[in-house]
Amino acid sequence: MDFEIDAAPDRVDRDVVWDFLSTQAYWHRWRQRADVERQVDLAWRVVGAYRRDDGAMIGFARAFSDGVANAYLADVFVLDEARGHGVGKAVVREMIESGPGRDFRWMLHTDDAHGLYRSFGFDAPDGTYLERPISR
C-alpha cells in the first residue's frame, strides 16, 4: 500500500475520524461528535496517513501537550483496509519521533497495542506515576 504521512490539521478528514471513533474504537465511545471535533481542534498536534492514489485518510493520531516536556498520545487508529502495511508505525513514528515532541515524555493508554508502542520505547510507568481514572 502506497501512503503518505502528513501533520497538517486542515487535511484531517473529520468524517473518517468520527466514523472510526464512534463505531469501531473501543475507547471513549461515549463522546459525541462535538466532543471529538473539539478534541481535534484543540490538539497540540495531529498526524494523518493518506493513500497516495486518491488522498483518502486511512490512519490518524492526535496528541495534547504542554508543548515543553510532556505529551499524551490519543485516538491512534488505522482503518481495517490499511492494517498490516506499516501505517500505524508510520503515524506513531511521525508523532513521537519526527515532530517537535521527540524529546518529550510521552504517555498513552491502550488495551491491545502494547507491542507497537513498546517498539517506540513505551513501557509500564514507574512508581511515581499516578492516575485518576475517568468516572464514566
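No side-chain heavy atom of Glu81 sits under 4.5 Å from any side-chain heavy atom of Val87. Residues Asp6 and Tyr50 are in side-chain contact: their nearest non-hydrogen atoms beyond the backbone lie under 4.5 Å apart. Looking at Val92 and Trp106, their side chains never come closer than 4.5 Å, going by heavy atoms from C-beta outward. A 4.5 Å side-chain heavy-atom check between His28 and Ile134 finds at least one atom pair inside the cut-off. When side chains are defined from C-beta on, His85 does not count as touching Ile58, because their heavy atoms never get closer than 4.5 Å. Using a 4.5 Å heavy-atom threshold, the side chains of Val12 and Asp10 count as separate.
Connection of Tyr26 to Trp18 is established within a shared hydrophobic cluster, with ILVMFWY side chains joined at heavy-atom distances below 4.5 Å, either directly or through further cluster members. Ile96 and Met107 fall into different hydrophobic clusters, where Ile, Leu, Val, Met, Phe, Trp and Tyr residues are linked whenever their side-chain heavy atoms come under 4.5 Å apart, directly or through other members. In the hydrophobic cluster analysis, where Ile, Leu, Val, Met, Phe, Trp and Tyr join through side-chain heavy atoms closer than 4.5 angstrom, Phe64 is grouped apart from Met95.
Under a 4.0 Å N-O distance rule, the pair Asp15/Arg33 qualifies as a salt bridge. The pair Asp80-Arg83 meets the salt-bridge criterion, with a side-chain N (NZ, NE, NH1 or NH2) lying under 4.0 Å from an Asp/Glu carboxylate O.
Counting all heavy atoms, side chain and backbone alike, Ala90 lies closest to Phe3 at CB-CE1, 3.7 Å. Closest approach of Leu108 to Phe122, counting heavy atoms only: CD2-CE2, 3.4 Å. Contact between Arg102 and Glu97 at its shortest, heavy atoms only, is CB-O, 3.4 Å. Scanning both residues, Ala61 and Val91, for their nearest heavy atoms gives CB-CG1, 3.5 Å. In plain terms, the two heavy atoms of Phe77 and Leu21 that are nearest each other are CD2-CD2, 4.3 Å. Of all heavy-atom pairs between Ala43 and Val46, the closest is CB-CG1, 3.7 Å.
At least one donor-acceptor pair closer than 3.5 Å links the side chain of Arg29 to the backbone N or O of Ala25.
Contacts classified as side-chain hydrogen bond (donor to acceptor under 3.5 Å, both in side chains) and involving residues 63-79 (residues at least two apart or in different chains) are given here: Trp27-Asp75, Arg31-Asp75, Arg62-Asp75, Asp66-Asn70, Tyr72-His109.
Here the CD atom belonging to Glu37 is positioned 10.0 Å from the CG atom belonging to Asp35, to the nearest 0.5 angstrom. The line from OH of Tyr117 to CG of Asp112 is 8.0 Å long, rounded to the nearest 0.5 Å. Between atom CD of residue Glu4 and atom CD of residue Glu94 there is a gap of 11.5 Å, rounded to the nearest 0.5 Å.
Hydrophobic cluster of Leu42: no remaining members, since no ILVMFWY side chain lies below 4.5 Å from it.
No more than 12 heavy atoms of other residues, nucleotides or ligands shown are found within 6.0 angstrom of CZ on Arg38.
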* Run the numbers on Phe60 and Val40 for side-chain contact (heavy atoms from CB on, under 4.5 Å), then give the verdict. => CA-CA 11 Å; Phe60 175 79; Val40 172; 4.1 Å; yes
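Screening Thr23, Val16, Val17 for a side chain to side chain contact (heavy atoms under 4.5 Å, CB included) involving Asp19 leaves a single residue, Thr23.
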